Amino acid sequence: MDQDSVKKDEMLCQYTFTKTGGKGDYVVFPSSYGQVEKVFKYAYSNDIPLTILGNGSNLIIRDGGIRGIVLFLTRLDAITVKGNVITAQSGAKIIDVSQAALAADLTGLEFACGIPGSVGGAMHMNAGAYGGEISTVVTEVLALDREGKVFRMPRPDMDLGYRSSIFAKKGYVVLEATFELSPGNRDEIKAKMDELTFLRESKQPLEYPSCGSVFKRPEGHFAGKLIQDSGLQGKQIGGAQVSTKHAGFIVNVGGATASDYMALIKHVQETVMEKFGVALEMEVRVIGEDE
């Protein structure tokens with residue numbers, strides 16, 4: 001790999017939606033599956049910690065950064081369409097995959113038109129929105145185990161549940177995913193995507209950096225409503241604030257650190273538990289070391 005593909009002591013806040021995160025010892029941007037395989041095997045055989053990331057959308061990296069190798073798959077972003085089947089590499093944005101479906105008059109991925117994550121991330125957490133979920137359209141995944149072995153996995157083996165998957169549980173890395181969609185009417189597909197985009201833009205605080213929805217939906221409740229009813233909207237610790245637009249989001253209003261985020265998350269969890277007896281479980285992934 002060239003010098004542009006490997007960076008030493010790189011600040012990870014450049015690559016996260018929250019704009020937080022300390023240094024990564026070595027940050028690597030592979031541009032082929034072969035390069036990913038080599039990094040995996042090198043890290044495994046030399047007992048070097050290895051962290052794999054997409055585009056950092058549902059993620060908080062702690063202020064102390066990440067030791068070992070941080071592998072960003074964002075350069076693996078090819079999307080191909082054959083008939084009603086779309087195959088997308090791990091680093092492709094799921095929004096771009098939904099746009100490719102629209103261009104091919106294929107329906108089934110409209111729900112993903114506003115999800116700000118990569119294909120790999122979407123598979124990792126079985127991403128969903130507005131009644132749709134990745135589990136309903138994915139058919140097969142090309143993946144890599146922790147030893148660097150490549151294998152194919154059909155949907156029944158993926159253990160896809162609410163914001164969970166076998167990839168998260170076993171540490172497998174998605175290299176590409178295949179989606180099977182249905183022929184549709186382009187005008188109707190676009191109208192649905194426009195509607196969902198309007199809903200997202202009108203309800204979510206897209207004007208600030210954030211990690212997206214912070215908490216999973218508690219059974220029988222909505223996290224945002226519980227937080228709002230706890231009087232926490234606008235609550236701020238450092239540069240991290242419970243959004244005044246949507247209480248389910250914590251935004252970076254300026255200079256927030258990961259420690260600010262974590263302190264505010266803990267405060268929200270404790271307050272909601274005290275007022276309503278409901279435990280809020282984090283949906284956002286938190287990794288790295290404290291400063």
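What you see is a predicted model, and the numbers here were worked out from it, not measured in a lab.
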For Gly83 and Leu106, which heavy atoms make the closest approach, and how far apart are they?
-> O-CD1, 3.7 Å

Note: Ala240 and Ala256 closest approach over all heavy atoms is N-CB, 3.7 Å

Single-linkage hydrophobic cluster, 4.5 Å side-chain cutoff, Met262 and Phe215 together | yes

Any link between Ile79 and Ile134 through a network of hydrophobic side chains (Ile, Leu, Val, Met, Phe, Trp, Tyr) touching at under 4.5 Å?
-> yes

Does the salt bridge (Lys or Arg N to Asp or Glu O under 4.0 Å) test come out yes or no for Glu283 and Arg163, once each step is laid out?
-> CA-CA 7 Å; Glu283 178 175 311; Arg163 303 299 176 264; 3.8 Å; yes

Applying ring-ring contact (aromatic ring centres under 6.0 Å, His included) to Phe249 and not counting sequence neighbours gives His246

Under the ring-ring contact (aromatic ring centres under 6.0 Å, His included) rule, collect the residues that match up with Phe151, sequence neighbours excluded.
-> Tyr172

Would you please test Arg75 and Ser32 for side chain to side chain donor-acceptor pair (under 3.5 Å) and show each step?
-> CA-CA 8 Å; Arg75 294 183 185 178; Ser32 71; over 6 Å; no

Are Thr197 and Glu201 close enough, and set up right, to give a side chain to side chain donor-acceptor pair (under 3.5 Å), and what steps lead you there?
-> CA-CA 6 Å; Thr197 298; Glu201 290 176 349; 5.9 Å; no

Ion pair Glu147/Lys41, N-O distance below 4.0 Å | no

Among Ile, Leu, Val, Met, Phe, Trp and Tyr joined by side-chain contacts under 4.5 Å, find the other residues sharing a cluster with Phe29 and list them by chain and number.
-> Leu12, Tyr15, Val27, Leu53, Leu59, Ile61, Ile66, Val70, Phe72, Ile287

Worked check of salt bridge (Lys or Arg N to Asp or Glu O under 4.0 Å) between Glu289 and Arg67 = CA-CA 8 Å; Glu289 300 180 353; Arg67 305 290 68 81; 3.1 Å; yes

Indicate yes or no: at least one non-hydrogen side-chain atom of Met123 is less than 4.5 angstrom from one of Val141.
-> yes

Using a 4.5 Å cut-off on heavy atoms from C-beta on, say whether the side chain of Leu73 contacts that of Pro30.
-> yes

Does the pair Asp9 and Lys23 meet the rule for a salt bridge (Lys or Arg N to Asp or Glu O under 4.0 Å), with working shown?
-> CA-CA 5 Å; Asp9 294 329; Lys23 289 181 180 178; 5.3 Å; no

